[in-house]
Every structure is written in structure tokens, then in C-alpha cells.
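Start at 1 with the first residue, then count along the sequence.
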Amino acid sequence: MASNVSGTGFRGAGREAESPWAASWTVAAAFLMVFGGVMAIFEGIAAIARDDVFVTTPNFTYSFSLTGWGWVHLILGALVVAAGLALLKGATWARAVGVGLAGLSMIAHFVWLPYQPVWSIVLIVVDGFIIWALCAPRRESPA
């Protein structure tokens with residue numbers, strides 16, 4: 001079964017995943033990271049370009065500058081896209097960085113709830129899946 005995974009580029013130092021599912025979840029997480037990062041970039045651009053695009057809830061506990069949150073989403077989205085692309089190329093460091101960035105993205109979208117509640121909840125769930133997929137145990141055997 002190791003030959004099924006060897007073409008995907010997900011090799012560690014002299015080790016291959018025994019199960020194609022291990023590589024499949026990693027690929028799914030990488031694609032979701034790229035997708036979520038691109039969407040965060042678009043959110044950031046929209047928030048920076050025009051503050052009146054978003055309707056805000058008055059007297060919300062977490063009230064911050066919408067332009068400031070736009071920059072946060074833009075920068076975080078670019079980092080998530082870069083980590084997702086590195087994960088697709090098989091970089092071993094991208095797994096740990098992806099977990100950290102997905103966690104930061106969950107926090108950012110939690111605070112983004114008053115501006116886009118449905119989309120924020122969707123991306124919180126997607127980030128949770130990404131963390132699960134990148135932290136799922138993998139059985140590996142020597143190559």
C-alpha cells in the first residue's frame with residue numbers, strides 16, 4: 001500500500017505513510033487551508049477597501065476597528081495559503097505551522113462573528129477539521 005502514497009509527495013525522512021487515508025486527510029487539510037486562506041484574504045481586502053460593506057452589531061463585547069481586522073485577516077490569510085501550499089509540497093514543518101495558523105484563524109473568525117456570522121461559523125468548523133486532520137495519528141513504516 002505504500003506505493004499508493006509515494007506519488008503524492010508526502011514522505012518523511014526515509015518513511016512513508018502505510019495508509020493512503022493518512023495522506024488523503026493531509027491533502028484535504030492542505031486544500032482547505034488554501035481555500036480558507038484565500039477567503040480570508042478577500043475578507044481582509046473587503047474590510048480595508050470599504051468599512052461600510054459590513055454591518056456591525058452595536059455594543060458588541062469585542063468591538064475593534066474594522067480596518068484593523070481587515071489587515072489581520074489579510075496577513076493571516078496569506079500565511080495560511082503559504083502553509084497550505086507548503087503542506088501540498090510535502091514540507092514536514094508545514095504540519096505544525098498549519099495547526100498553529102488554523103488555531104489563530106479560529107480565534108480571528110470567532111471575533112469576526114458580528115461582521116459575518118454564518119461565514120465565520122463555517123470557517124471555524126473548517127479550521128477545526130484542519131487541526132484534526134493534521135494532528136490525526138499516522139502509521140508509518142520504513143521506506
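Note on residues 70-83: pairs passing side chain to side chain donor-acceptor pair (under 3.5 Å), not counting sequence neighbours, are E43-H73.
For the atom pair CE of M33 and CG of L85, the computed distance is 9.0 Å after rounding to the nearest 0.5 Å. Interatomic distance, OG of S105 versus CD1 of I130, reported as 7.5 Å (0.5 Å rounding). Here CH2 of W112 is found 11.5 Å from CG of L123. Values are rounded to the nearest 0.5 Å.
Between I131 and A102, the shortest heavy-atom contact is CG1-CB, 3.7 Å. Minimum heavy-atom separation, G70 to A47: CA-CB, 3.6 Å.
For L104, the side chain to side chain contact (heavy atoms under 4.5 Å, CB included) partners at least two apart in sequence or on another chain are L76, L101. Applying the side chain to side chain contact (heavy atoms under 4.5 Å, CB included) test to I45 and every residue at least two apart in sequence or in another chain returns I41, L74.
Ring to ring, W25 and W132 are close: their centroids are under 6.0 angstrom apart.
Atom CZ of F129 has more than 12 neighbouring heavy atoms from other residues, nucleotides or ligands inside a 6.0 Å radius.
Side-chain contact between R95 and T26 is present, with at least one heavy-atom pair separated by less than 4.5 Å. Here the side chains of L79 and V97 are not in contact, with every heavy-atom distance at 4.5 Å or above.
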